[in-house]
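All values derive from a computational prediction rather than experimental measurement.
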Amino acid sequence: MDLRIFTEPQQGATYDDLLAVAKATEDLGFDAFFRSDHYLTMGGDGLPGPTDAWTTLAGLARETSRIRLGTLVSSATFRHPGILAIQVAQVDQMSGGRVELGLGTGWFAQEHAAYGIPFPEKRFGILEEQLAVVTGLWGTPVGETFDHAGAHYTLTDSPALPKPVQQSPLDPSKAGVPVIVGGSGPRRTPALAARYAAEFNLAFPAFDEVEAKLANVDRALEEAGRAKESLVRSAALVLCVGSDEAQIARRAQAIGREVDELREHGIAGTVDEVVDRLGRLREQGVSRVYLQVLDLQDLDHLDLVAREVVPRLG
């Protein structure tokens with residue numbers, strides 16, 4: 001099972017904080033460093049303030065060498081798809097081909113109001129069109145142009161440059177980066193993933209709902225005529241593991257959560273409990289887990305997972 005480190009910098013982090021976590025992620029052998037794409041804290045003062053996701057990833061692209069880098073997830077409301085395609089392609093080049101793009105509709109109305117970003121009531125069509133534009137720009141052969149006339153965006157005679165270093169996982173004859181789509185809806189987001197994504201992500205799912213939600217994805221893939229094994233299935237879950245009950249309690253307190261609640265909803269508890277939880281997720285069809293790390297100063301937390309959990313996953 002792939003384990004990825006997932007951070008929420010809007011809660012309060014500098015670039016240097018994120019760099020330290022990213023370097024620990026790489027040194028300890030984890031698969032990837034991902035971050036949220038938000039501009040406003042969801043609790044607390046958020047000091048020193050937000051960092052931009054793609055600016056951060058550009059810096060980390062030059063200061064790491066192995067780990068994958070990406071967003072979980074960028075909001076379709078934040079950037080024009082033409083600009084987003086350029087940003088992601090550039091960071092992919094800067095990283096030597098290690099970037100992935102998670103893209104969603106956006107949901108946090110307050111952050112849009114705080115920074116003057118339009119927040120339409122209906123956003124699914126915007127997301128769908130952005131995926132078409134971004135992947136279309138990347139996949140256009142060099143020397144040809146890309147045009148798009150949609151309900152939300154119009155592009156005319158675009159040279160569709162630059163290209164990512166990577167090839168599209170869905171069509172290796174074209175340039176592209178792995179796209180991650182997630183959501184809890186039974187039909188629309190699974191269908192969107194079946195059309196555009198290399199990975200489908202469940203964000204903080206209830207454990208007893210995982211199999212049913214992944215079954216929706218399987219149906220969408222079948223309807224699209226796409227092989228089930230061509231799509232990675234992942235979940236993002238909060239991390240709180242300790243070598244004993246006292247350490248678990250200290251880590252829960254540091255992130256303002258209750259131990260029992262974390263055990264019920266997260267990758268939490270003793271090493272044995274966490275290994276068991278990850279094993280059950282694998283049995284349900286999840287092959288990749290994003291470990292949401294909320295205390296960015298506690299690098300020993302990552303070390304414990306790398307030393308005592310990972311070797312037992314097989």
Side-chain angles (χ1 to χ4, degrees), residues 1-7 25 30-37 53-54 57 67-76 84-85 88-89 91-92 95 97-106 124 127-128 130-132 134-135 138-139 164-172 174-205 209-237 267 278 281-282 284-292 313:
M1 175 176 282
D2 291 337
L3 294 183
R4 296 181 159 190
I5 301 305
F6 169 43
T7 62
T25 298
F30 291 102
D31 180 63
F33 173 92
F34 270 60
R35 58 157 293 162
S36 60
D37 192 356
W54 287 100
L57 294 173
I67 51 174
R68 307 288 295 177
L69 301 165
T71 52
L72 203 67
V73 292
S74 287
S75 172
L84 180 62
V88 176
V91 179
D92 195 50
S95 70
R98 294 184 284 125
V99 160
E100 303 183 14
L101 170 64
L103 192 60
T105 58
F124 191 85
L127 171 62
E128 188 171 21
Q130 285 216 356
L131 287 166
V134 169
T135 59
W138 291 337
V165 172
Q166 299 177 81
Q167 302 304 114
S168 167
L170 276 61
D171 183 354
K174 298 179 179 180
V177 310
V179 170
I180 304 165
V181 170
S184 58
R187 297 198 62 85
R188 291 205 300 175
T189 47
L192 210 56
R195 184 173 181 183
Y196 293 108
E199 177 179 333
F200 182 83
N201 178 261
L202 294 172
F204 312 105
E209 296 179 358
V210 169
E211 286 187 77
K213 291 185 183 299
L214 293 184
N216 293 332
V217 178
D218 288 343
R219 282 194 294 272
L221 290 168
E222 185 175 0
E223 291 170 3
R226 182 174 164 187
K228 292 181 180 180
E229 61 271 17
S230 69
L231 185 74
V232 174
R233 294 153 180 80
S234 67
L237 293 155
I267 305 299
L278 291 169
L281 282 169
R282 181 161 50 193
Q284 291 174 300
V286 173
S287 62
R288 176 175 292 158
V289 175
Y290 293 82
L291 303 173
Q292 185 196 42
L313 295 178

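The side-chain heavy atoms of Leu313 and Leu3, taken from C-beta on, include a pair separated by under 4.5 Å. Side-chain contact between Val286 and Leu214 is present, with heavy atoms from C-beta onward closer than 4.5 Å. Looking at Leu192 and Leu127, their side chains come closer than 4.5 Å, going by heavy atoms from C-beta outward. Counting heavy atoms from C-beta outward, Leu237 and Leu281 have side chains that approach closer than 4.5 Å.
Residues meeting the side-chain contact (heavy atoms from CB on, under 4.5 Å) test with Glu209, sequence neighbours left out: Ala206, Lys213. When the salt bridge (charged side-chain N to carboxylate O under 4.0 Å, His left out) test is applied to Asp92, no partner is found at least two apart in sequence or on another chain. Residues satisfying the side chain to side chain donor-acceptor pair (under 3.5 Å) criterion with Ser230, sequence neighbours excluded, are Arg226. Residues forming a side chain to side chain donor-acceptor pair (under 3.5 Å) with Arg188 (at least two apart in sequence, or on another chain): none. Under the rule for a side-chain contact (heavy atoms from CB on, under 4.5 Å), the partners of Ala194 that lie at least two apart in sequence or sit in another chain are Ala220, Leu221, Ala224. Residues satisfying the side chain to side chain donor-acceptor pair (under 3.5 Å) test with Gln167, not counting sequence neighbours, are none. Looking at residues two or more places apart in sequence or on another chain, you find a side chain to side chain donor-acceptor pair (under 3.5 Å) between Arg35 and Thr51, Thr56. Ser74 meets the side-chain contact (heavy atoms from CB on, under 4.5 Å) test with Asp37, Trp54, Thr71, Arg79, Leu101, Leu103; sequence neighbours excluded. Residues satisfying the side-chain contact (heavy atoms from CB on, under 4.5 Å) criterion with Arg187, sequence neighbours excluded, are Glu223.
Here the closest heavy-atom approach between residue Ala53 and residue Ser36 is recorded as CB-O, 4.0 Å. When all heavy atoms are compared, the tightest approach of Arg68 to Pro178 is NH2-CG, 3.6 Å. Ser287 and Val232 make their closest contact through OG-CG1, 3.7 Å (heavy atoms, listed as atom of the first residue, atom of the second, distance). Scanning both residues, Val99 and Gln166, for their nearest heavy atoms gives O-NE2, 2.8 Å. The shortest non-hydrogen separation linking Ala193 to Phe200 is CB-CD1, 3.6 Å. Listed here is the closest heavy atom pair of Leu231 and Ala198: CD1-C, 3.5 Å.
Under a 3.5 Å cut-off, the side chain of Gln130 and the backbone N or O of Ala76 do form a donor-acceptor pair.
Between the CZ atom in Phe6 and the OG1 atom in Thr25 there is a gap of 13.0 Å [rounded to 0.5 Å]. Considering CD of Glu211 and CG of Asp218, their distance stands at 10.5 Å, rounded to 0.5 Å. The CG atom of Leu278 sits 4.5 Å away from the CD1 atom of Ile267 when rounded to the nearest 0.5 Å.
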- For side-chain contact (heavy atoms from CB on, under 4.5 Å), just list the numbers for Val91 and Leu69, CA-CA rounded to whole Å, side-chain angles, deciding distance to a tenth of an Å, and then say yes or no. CA-CA 9 Å; Val91 179; Leu69 301 165; 5.6 Å; no
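Residue pairs that meet the side chain to side chain donor-acceptor pair (under 3.5 Å) test with at least one member in residues 191-200, sequence neighbours left out, are Glu199-Ser234, Glu199-Arg288, Glu199-Tyr290.
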